[in-house]
Amino acid sequence: MANSLVSIQIIPKTEKNEDVIPYVDHAISLIENSGLKYEVHPLETTIEGELPTIFSLIEQMNEAMVEKGCRNVISQIKVLYQPSGASMDDLTSKYRT
């Protein structure tokens, strides 16, 4: 079982203040390609996995935004680290039908 849940909201600052949705979509594609379990929500995406792996992924996401032309990136993250195991399903199953 994974030991961490990390929610991330990535906010890229583009050079010409264009729409950031294509950048956010690219960041989400990096999460998808990582093979980690994740869920996209309206204001953030939650990733389930090992903490070092997730932090490395967040670093890749930030670097990718700069490579795509952003002058800077804000990443707001929330971390649940639980060595005994953490899962989205355990925390939300009672709310799902």
Side-chain angles (χ1 to χ4, degrees):
M1 177 180 276
N3 69 15
S4 299
L5 299 176
V6 175
S7 290
I8 180 165
Q9 178 187 36
I10 196 161
I11 307 166
K13 181 66 173 175
T14 60
E15 286 294 329
K16 298 176 184 169
N17 294 318
E18 63 261 32
D19 182 17
V20 298
I21 295 302
Y23 295 87
V24 173
D25 287 344
H26 180 66
I28 293 170
S29 76
L30 294 173
I31 298 169
E32 182 176 24
N33 292 335
S34 75
L36 295 172
K37 183 175 180 178
Y38 71 98
E39 290 183 6
V40 176
H41 301 280
L43 300 176
E44 64 189 12
T45 298
T46 302
I47 307 164
E48 184 176 305
E50 300 300 311
L51 193 57
T53 304
I54 297 172
F55 281 162
S56 177
L57 176 59
I58 290 170
E59 181 179 18
Q60 291 171 29
M61 292 164 60
N62 280 269
E63 289 172 351
M65 296 300 99
V66 172
E67 289 169 7
K68 291 184 77 57
C70 296
R71 50 186 159 161
N72 65 50
V73 184
I74 296 172
S75 293
Q76 296 187 33
I77 62 171
K78 292 182 245 176
V79 177
L80 168 62
Y81 175 67
Q82 189 166 294
S84 63
S87 81
M88 289 183 273
D89 292 337
D90 286 348
L91 292 178
T92 61
S93 62
K94 69 181 182 180
Y95 302 106
R96 298 183 186 212
T97 57

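Quick caveat: nothing in here was measured; it's all calculated off a predicted structure. The chain is numbered in sequence order, starting from 1.
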(request) Please test Q76 against E44 for side-chain contact (heavy atoms from CB on, under 4.5 Å), starting from the C-alpha separation and ending with a verdict. (result) CA-CA 9 Å; Q76 296 187 33; E44 64 189 12; over 6 Å; no
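- When all heavy atoms of A2 and E50 are compared, the pair lying nearest together is CA-OE2, 3.4 Å.
- Looking at residues two or more places apart in sequence or on another chain, you find a side chain to side chain donor-acceptor pair (under 3.5 Å) between T46 and S7.
- Atom CD of E48 sits about 8.0 Å away from atom CG of D90, to the nearest 0.5 Å.
- For the pair Y81/V6, no side-chain contact is recorded, criterion being any heavy-atom separation below 4.5 Å from C-beta on.
- Follow the hydrophobic side-chain contacts under 4.5 Å out from V66 and you reach L57 in the same cluster.
- Scanning all heavy atoms of the two residues, the minimum distance from M1 to A86 falls at SD-N, 3.6 Å.
- The CG atom of L36 sits 11.5 Å away from atom CG of L30, with the distance rounded to the nearest 0.5 Å.
- Taking the side chain as every heavy atom from C-beta outward, N62 and E59 never approach each other to under 4.5 Å.
- The residues D89 and K37 are annotated as salt-bridged, a charged nitrogen and a carboxylate oxygen being separated by less than 4.0 angstrom.
- Although no hydrogens or angles enter the test, the distance criterion places no donor-acceptor pair under 3.5 Å between the side chain of S56 and the main chain of P52.
- When the side chain to side chain donor-acceptor pair (under 3.5 Å) test is applied to Y23, the partners found at least two apart in sequence or on another chain are E18.
- Placement of L91 and M88 within a single hydrophobic cluster is found when ILVMFWY residues are connected by side-chain heavy-atom separations under 4.5 Å, directly or transitively.
- Looking at T45, I8, L5 one by one, the single match for side-chain contact (heavy atoms from CB on, under 4.5 Å) with Y38 turns out to be T45.
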(request) Before giving the answer on side-chain contact (heavy atoms from CB on, under 4.5 Å), spell out for T14 and K68 the whole-Å C-alpha distance, their side-chain angles and the decisive distance to 0.1 Å. (result) CA-CA 9 Å; T14 60; K68 291 184 77 57; over 6 Å; no
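- In this structure the side chain of I54 never reaches within 4.5 angstrom of the side chain of I77, judged on heavy atoms.
- S4 is not listed as a side-chain neighbour of L80, based on a closest heavy-atom distance of 4.5 Å or more.
- Residues I10 and I74 do not share a hydrophobic cluster, defined by chaining ILVMFWY side chains whose heavy atoms lie under 4.5 Å apart.
- I58 and I28 fall within the same hydrophobic cluster, defined by Ile, Leu, Val, Met, Phe, Trp and Tyr side-chain heavy atoms under 4.5 Å apart, directly or through other members.
- V79 and V73 end up in the same hydrophobic cluster when Ile, Leu, Val, Met, Phe, Trp and Tyr side chains are linked at under 4.5 Å.
- S93 is not listed as a side-chain neighbour of Y95, based on a closest heavy-atom distance of 4.5 Å or more.
- Atom SG of C70 sits about 8.5 Å away from atom CD of E15, to the nearest 0.5 Å.
- Listed by chain and number, the residues in a side chain to side chain donor-acceptor pair (under 3.5 Å) with Q82 amount to none (sequence neighbours excluded).
- Within the model, atoms CD of Q9 and NZ of K78 stand 8.5 Å from one another, a figure rounded to the nearest 0.5 Å.
- You'll find the side chain of H26 reaches within 4.5 Å of the side chain of M65, heavy atoms only.
- K13 is not listed as a side-chain neighbour of V20, based on a closest heavy-atom distance of 4.5 Å or more.
- N3 contributes a side-chain N or O that, together with a main-chain N or O of L51, makes up a donor-acceptor pair within less than 3.5 Å.
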